[in-house]
Amino acid sequence: MPSEKKISSAHDCISFMQAGCELKKVRPNSRIYNRFFTLDTDLQALRWEPSKKDLEKAKLDISAIKEIRLGKNTETFRNNGLADQICEDCAFSILHGENYESLDLVANSADVANIWVSGLRYLVSRSKQPLDFMEGNQNTPRFMWLKTVFEAADVDGNGIMLEDTSVELIKQLNPTLKESKIRLKFKEIQKSKEKLTTRVTEEEFCEAFCELCTRPEVYFLLVQISKNKEYLDANDLMLFLEAEQGVAHITEDMCLDIIKRYELSEEGRQKGFLAIDGFTQYLLSPECDIFDPEQKKVAQDMTQPLSHYYINASHNTYLIEDQFRGPADVNGYVRALKMGCRSVELDVSDGSDNEPILCNRNNMTSHVSFRSVIEVINKFAFIASEYPLILCLGNHCSLPQQKVMVEQMKKVFGDKLYTEAPLPSESYLPSPEKLKRMIIVKGKKLPSDSEVLEGEVTDEDEEAEMSRRMSVDYNGEQKQIWLCKELSDLVSICKSVQYRDFEVSMKSQNYWEICSFSETEASRIANEYPEDFVNYNKKFLSRIYPSAMRIDSSNLNPQDFWNCGCQIVAMNFQTPGPMMDLHTGWFLQNGGCGYVLRPSVMRDEISYFSANTKGIVPGVSPLALHIKIISGQNFPKPKGACAKGDVIDPYVCIEIHGIPADCSEQRTKTVQQNSDNPIFDETFEFQVNLPELAMIRFVVLDDDYIGDEFIGQYTIPFECLQPGYRHVPLRSFVGDIMEHVTLFVHIAITNRSGGGKAQKRSLSVRMGKKVREYTMLRNIGLKTIDDIFKIAVHPLREAIDMRENMQNAIVSIKELCGLPPTANLKQCLLTLSSRLITSDNTPSVSLVMKDSFPCLEALGAIPDVQKKMLAAYDQMIQESRFLIEMADTVHEKIVQCQKAGMEFHEELHNLGAKEGLKGRKLNKATESFAWNITVLKGQGDLLKNAKNEAIENMKQIQLACLSCGLSKAPSSSAEAKGKRSLEAIEEKDGGEENGKL
């Protein structure tokens, strides 16, 4: 079947516009009309019908167009009562006339909107010579390159070649294309020309390549960032990397290097431009991966106590199948250790010939020797990570074979075994940094005051639960096992003890003792005592293992227990699926070293955090995550699908995992019968209250499946996301990266006030002050302490007001520039400068430094539209300046209240007892105290960060103004003066900042 012709050039866009299509015309009065829009054949005007106006008035001259905006970014869209029902990616606006009036339109699809926006932008930028361009595509850099490729392969020099040769040539240039698809395209082209031949001309080769290898969504992006050219020069690329991709310290030389590495044509490499094919290659390269390269190496503080980290842990590591009947295999250890696992399990039993073995106790026939397992562990222990490895020892051996185990471990592991006795004078476990390349044995230990060579200890780990669940006559008594002193001595900082309750643990548990919880018990505790569980895990290690009822070795949801601060959540590595995806994705961060530092609110000794929080976390500013799913590439058919052809109907689900308040899921529409390059073009927004614990899972599914719907997935921690246009490498069901199978997305992260949907605001609502949310301090019930915290109420409100006012001023300038909330200030200044340049190409305003702050002053009379924009700009500068100058004072007040409150920390229980608080009331007072300290610390940190952000914004604004020519003397002296002003802002605050912040 002939396929639709793809858009691969400005020529294609203009041809489409001349043929015309139906668009919805949106009016300020909330009415929407269907109109048929066309572009005149002479490219001079845009027309629509039907219209009550006469034909000459129902048009818009191309010469009158000032700007074309994609998205709902005008007052008409923002104030329209039906705006929520209009797709962001289908909307666009044409601003025209001296007063920047808007013609607001909605296309039937994002693709059609992109065609109109790209075509109109091209016409506006080339209004003096559009007719020259319309002669065709034959002289573009891309076609010149394709001609040289064809001529090099045309050995006879006849200008034609065999179809087989052409197919092979295109496959060399684009290995992801299927041969059948290339042959079909040649047949389509030849049929349209009524040819019946297997030979291909140069023109047909170029046409087929452009149709097959042009991704329309990449073409539209290229045109947008190249200012309507069909290639990028070094300046275009530099701006794209800085403003869109968030790359810092980029230089022109670095951009030229990228062009040299990715541009396919010799001419492009020499002249320094990147055409569509090279740009596509660059976007698909590891340099544009969604995963932050900084997180591909160890990037977190590794000197905190061991209990402050999540630890990559495996359950029943020796199994490669289900836990009920599966055989034991050393490859389970190889797989887990290569995946960065830092806690493995060894269930050891007596074997023949005095040789301990590991086996599934439900399948004693299949076993491996203990020696072979520890030899494999020794070989692979520190290949993926050099941080400590914990061996969770399940000891079911007789005393003689326990002694054999000890001998073998000492011989194989040598001085890697960590056996130093813990110091009672310490309060916390050693750090991963201190324990590098050490092997820690977790197990039972004889009483320290005992001199016996052997003794009985309780076995309360998984065996007890397994017995209780599987045995009818289980009487609930704890099983006793014999333990030899030699094996006991190998256990140092991971002594297994039984959990009773938090009150007992907080009083009597030693920091080197670790409790294991069954999934069922841990879930109950997490639901009933979420705050206590978090506080317990600040000091002690917790190990969670799957329920014994999971005989198919299915996995628990690790996020439920990470939310409570549990460090060692043991997973069945042999069982793929969504839960294992979360686990694998989470431990990709921090260089895949198997240790991930927990959020500070879960580490600080005095802090409040509940795993079941349904709202804002105290002291943490929520973020808005904007994800646009643009397209997919080379989706395979689901592995388990049956009785169906190769055609699939894909759609994408976006899942957010984290604390309950953050968990969310949204999906795209289904694209019918397209696996090669389905276009989704849909934008989603999520509020994330605790980014440090959040993960994003992209899942691609088939909507028309038989048997199996799963196509691919990718899971990534929120903290590892890179902003901008990114490709997501999809993984198979078993977790392997699938070659050339990707999702193309756009990622933006803003704070809550700078993000979100455009608000529907009528005039009256706009004039009224929006109700602001303040994080409230809690009443403790002890007057002395409550009086101290009351002093903090006013500075806390001041801090929140300063941050919100600055953010609201930034949002206002973005709206006036017609930019979405996801845009940054550099993009704002570029848009602003284009509006403030007069017809003779001179600026109507100039940059003036006032007390080291970048202000814009009008050069003579300016239109009302420009006055409005300058007023919004001035407001942004004033709010930023106020924050920069006042932040230290307010921060100091907050810190003083926090210090004054902390002085009562040790005496809190005594004071409460004197006031008659006990039991639940005393616990509530302690919880409220921790809440208040957390709020004060968090709001102080947020204010400090806001000040640093404001200073950085002033620097970026000034540099952008200078580069845009908004300076009276855009010369080297002006730039030098500008740099001095930037330094002045920093120096002005540097002294106080170093002392106070």
Side-chain angles (χ1 to χ4, degrees), residues 84-85 87-89 290-291 526-527 530 555-564 577-586 588-589 599 601-602 609-618 620-630 632 650-670 680-701 703 709-723 726 728 730-731 743 745-759 773 820-822:
D84 280 348
Q85 298 170 30
C87 172
E88 176 79 26
D89 304 299
I290 192 170
F291 196 91
N527 287 323
N555 274 307
L556 48 74
N557 185 344
Q559 190 79 51
D560 294 341
F561 305 105
W562 292 335
N563 288 347
C564 298
M579 299 304 103
M580 197 62 205
D581 293 341
L582 293 180
H583 180 272
T584 304
W586 182 248
L588 288 174
Q589 62 186 309
V601 74
M602 300 172 82
F609 177 74
S610 170
N612 291 343
T613 183
K614 297 288 194 296
I616 292 173
V617 178
V620 179
S621 181
L623 296 176
L625 171 64
H626 309 262
I627 300 178
K628 182 175 183 178
I629 303 292
I630 303 171
Y651 67 98
V652 183
C653 279
I654 307 167
E655 303 168 359
I656 308 295
H657 297 264
I659 60 173
D662 292 342
C663 291
S664 179
E665 181 178 333
Q666 295 195 56
R667 60 156 288 178
T668 66
K669 65 180 183 291
T670 298
F680 299 99
D681 263 332
E682 285 188 72
T683 302
F684 305 92
E685 184 196 324
F686 303 90
Q687 179 169 311
V688 182
N689 294 285
L690 188 55
E692 289 171 282
L693 263 188
M695 272 190 292
I696 296 86
R697 183 170 181 257
F698 299 92
V699 194
V700 183
L701 302 167
D703 211 3
E709 61 178 340
F710 181 85
I711 293 170
Q713 69 82 33
Y714 184 77
T715 307
I716 180 172
F718 183 95
E719 298 282 279
C720 297
L721 285 171
Q722 287 217 92
R726 305 287 171 184
V728 180
L730 294 180
R731 292 177 179 263
L743 267 181
V745 302
H746 181 266
I747 303 288
I749 299 166
T750 64
N751 60 42
R752 203 169 38 143
S753 58
K757 294 174 184 173
Q759 304 242 337
E773 293 177 13
T822 54

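Note that the structure is a prediction, hence the values are computed from the model and not measured.
Of the N and O atoms on the side chains of Thr683 and His626, not one donor lies less than 3.5 Å from an acceptor on the other residue. Of the N and O atoms on the side chains of Gln713 and Thr715, at least one donor lies less than 3.5 Å from an acceptor on the other residue.
Arg667 forms a cation-pi arrangement with Tyr651, by the criterion of a distance under 6.0 Å to the ring centre and an angle within 45° of the ring axis.
Listed for the Asp662 side chain is a donor-acceptor partner under 3.5 Å among the backbone atoms of Asn689. At least one donor-acceptor pair under 3.5 Å links the side chain of Thr668 to the backbone N or O of Val652. Although no hydrogens or angles enter the test, the distance criterion places a donor-acceptor pair under 3.5 Å between the side chain of Gln559 and the main chain of Leu693. Using a distance-only test at 3.5 Å, with no hydrogens or angles considered, no donor-acceptor pair links the side chain of Asn612 to the main chain of Pro530.
Contact check for Phe291 versus Val728: no side-chain heavy atoms found under the 4.5 Å cut-off. Within the 4.5 Å cutoff, the side chain of Pro660 has heavy atoms near those of the Asn563 side chain. The shortest distance between side-chain heavy atoms of Phe710 and Val699 falls below 4.5 Å.
With rounding to the nearest 0.5 angstrom, the NE2 atom of His583 is 10.5 Å from the CG atom of Leu588. The distance from atom CZ of Arg726 to atom CD1 of Ile716, rounded to the nearest 0.5 Å, is 10.0 Å. A distance of 10.0 Å separates SG in Cys653 from CD in Gln666, rounded to the nearest 0.5 Å. In this structure, the separation between CG on Leu625 and CD on Glu685 is 8.5 Å, given to the nearest 0.5 Å. The structure places CD1 of Ile696 at 9.5 Å from CD1 of Ile654, a figure rounded to the nearest 0.5 Å. Rounded to the nearest 0.5 angstrom, Thr670 OG1 and Leu701 CG are separated by 9.5 Å.
Between Trp586 and the choices Trp562, Phe561, Phe718, the ring pair (Phe, Tyr, Trp, His ring centres under 6.0 Å) rule is met once, by Trp562.
When all heavy atoms of Cys663 and Gly658 are compared, the pair lying nearest together is SG-O, 3.5 Å. Shortest non-hydrogen contact noted between Glu719 and Pro691 is OE2-CB, 3.8 Å. Listed here is the closest heavy atom pair of Gln687 and Pro622: NE2-CB, 3.9 Å.
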Inset, instruction - Kindly indicate, with the supporting measurements, whether the criterion side chain to side chain contact (heavy atoms under 4.5 Å, CB included) is fulfilled by Glu665 and Ile656. - result: CA-CA 6 Å; Glu665 181 178 333; Ile656 308 295; over 6 Å; no
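For the side-chain hydrogen bond (donor to acceptor under 3.5 Å, both in side chains) test, residues two or more places apart in sequence or in another chain that qualify with Glu655 are His657, Arg697. For Asp681, the salt bridge (Lys or Arg N to Asp or Glu O under 4.0 Å) partners two or more places apart in sequence, or in a different chain, are Lys628.
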